[in-house]
There are 2 protein chains.
Amino acid sequence: MPAVTEPRTAPAGRRERPAKPALTREGVVATATALVREEGAARLTMRRLAQRLDTGPASLYVYVRDTAELQAAVLGEFLAGVDLAPVGAAGPWDERLRRVLASYAGLLHDYPGLARVAVVTRPSGEHYLALIEALLALLAEGGVPDDRAAWLVDLFLLVATASAAEHGTRAEEHTEAAADDAVARAVRGASADRFPHVARLVEDLLSGEGPDRARWFVDLMLAGAAAVPRPSPSLVGEG
Amino acid sequence: MPAVTEPRTAPAGRRERPAKPALTREGVVATATALVREEGAARLTMRRLAQRLDTGPASLYVYVRDTAELQAAVLGEFLAGVDLAPVGAAGPWDERLRRVLASYAGLLHDYPGLARVAVVTRPSGEHYLALIEALLALLAEGGVPDDRAAWLVDLFLLVATASAAEHGTRAEEHTEAAADDAVARAVRGASADRFPHVARLVEDLLSGEGPDRARWFVDLMLAGAAAVPRPSPSLVGEG
DNA sequence: ACCTGAACACCGTTCAAGT
DNA sequence: ACCTGAACACCGTTCAAGT
């Protein structure tokens, strides 16, 4: 073991670490985003983030209100990765819409912890607005009435997010199918007397999670939105 | 302050507390369910549950694998509260279906923490099977093809669960609308140049979370499922 | 005025040791 | 064989005290 030639911290009073950069909100969020990218959302904690930034956790509270706000910011940062190119591309509008949604879903699929956050926390930042704008533009192009389009976008994102959260969690657990097995066992073992429909449809109930199902969901929502008007025009004026 | 006449624990070697009941899996789950009912799902922790049961947290691991399994069990217990009476009642099948779904949604609305658990964890136990069975029975009555019904049930529960989790979380936070304000502010402040559709649809985007929206979602899914067949019959045999 | 060390009040899970 | 005390390795957030 060679002797340590330099102490961990610089000589005495003043320290000159490798340029411990001054903290800013942007820096904090950027480091948090990197942390999630490298280690997953479950590892994004105030304490671990502080460690990366070479401070104590208390210092972070100067830049973010709490964990929820931090997660919203990271989520917003990640949405930069959604491919919005299909909006301006050639081809049928609904096919391009499916591509945008698939890009969003794929992102959350790769970061299941983030999907879990997204179920509960709205992303902050402009990328989220850009995503909504993109979906609204495509729906407008497809002639979906404005009021339905607004709610439909919500439904699209809700379904994509929740699917990713649900599936991602199962995929992470134990040996990939262990937790699912609990449901699978229950469904497969369902008494045909008491649960005849379940027993008859076992395979259909357990199939899916694949892209087939996601695509069917989108098709269904599009067809449904085209067919069903929004509830009574409401008596509320334009406020 | 009167002197304590009896020590907390009985005299010496043998203790005879108020019948500390022998632990069983059922007892643990029942106490956990009561805890959630009284204090909310966020307070369901191994340590707090152990305290209620008058033991140490380590002892619980004899009866449940981990926190996730415990939550699944509690969730399953709660599903006993879903009103399945509409299944056998009179009236149009789709109206009865809406009532069952509304009962499920209402339950999760009252326990937002539980909704958050449900997004990620499948309930264990028979009540969950009973709920699926009920929905499948109603869809069969409505003539929805089997394969679509199976996936549709998943979608129904996904949407109801995720809506409750999302809305419930926002409702819990700060002063009811604080977190929502972050989105609302972003949407309202959206530059009309860069996000024209968002700017035009502000009010529609922010409206909802009400029962109107939930009902529109259900109508949309029903109409969609009636209109869109499941993807190609698939080349896979019956395994 | 701005930042943060240290403390407060918690977590889930494991395992060696007891009965 | 069954149960559990004590420990390990963590959390988020606050606030008095420092610069």
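A note on names: the letters A, B, ... follow the listed sequences, proteins ahead of strands, and every chain is numbered from 1.
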Can you check whether [X] has a side-chain N or O nearer than 4.0 Å to OP1 or OP2 of [N]?
X	N	answer
Arg47(B)	dT13(C)	no
Tyr61(A)	dC15(D)	no
Ser59(B)	dT4(D)	yes
Thr45(B)	dC11(C)	yes
Thr55(B)	dT4(D)	no

If you measure from the Lys or Arg side-chain nitrogens to the Asp or Glu carboxylate oxygens, is any gap between [X] and [Y] under 4.0 Å?
X	Y	result
Arg48(A)	Glu39(A)	no
Arg37(B)	Glu77(B)	no
Glu166(A)	Arg116(A)	no

Using the C1' atom as the reference point in each nucleotide, state the distance between dA17(C) and dC2(D) in Å, no decimals. 13 Å
Using the C1' atom on both, measure dC11(C) against dC8(D) and round to a whole Å. 12 Å
Could you give the [atom1]-to-[atom2] distance, from [X] to [N], as a whole number of Å?
X	N	atom1	atom2	value
Gln71(B)	dC11(C)	CD	P	13 Å
Arg25(A)	dC3(C)	CZ	C1'	18 Å
Arg65(B)	dT13(C)	CZ	P	11 Å
Leu49(B)	dC10(C)	CG	C1'	16 Å
Met46(B)	dC3(D)	CE	P	16 Å
Leu60(B)	dT14(C)	CG	P	13 Å
Gln51(A)	dG12(D)	CD	C1'	15 Å
Leu35(B)	dC11(C)	CG	P	10 Å

Check every strand shown and say whether Arg43(A) touches a base, only sugar-phosphate, or nothing at a heavy-atom separation below 4.0 Å. nothing
Nearest listed nucleotide, side chain of Arg48(A), among dC3(C), dC11(D), dT13(C): dC11(D)
By the Watson-Crick or G-U definition, both distances under 3.5 Å, dA1(C) is matched with dT19(D)
Identified pairing partner of dA6(D), criterion: Watson-Crick or G-U wobble below 3.5 Å: dT14(C)
Minimum heavy-atom distance between Leu157(B) and Tyr128(B), given as atom pair plus value: CD1-CE1, 4.2 Å
Whether Trp151(A) and Phe217(B) hold their rings parallel, tilted or perpendicular, with breakpoints at 30° and 60°: perpendicular
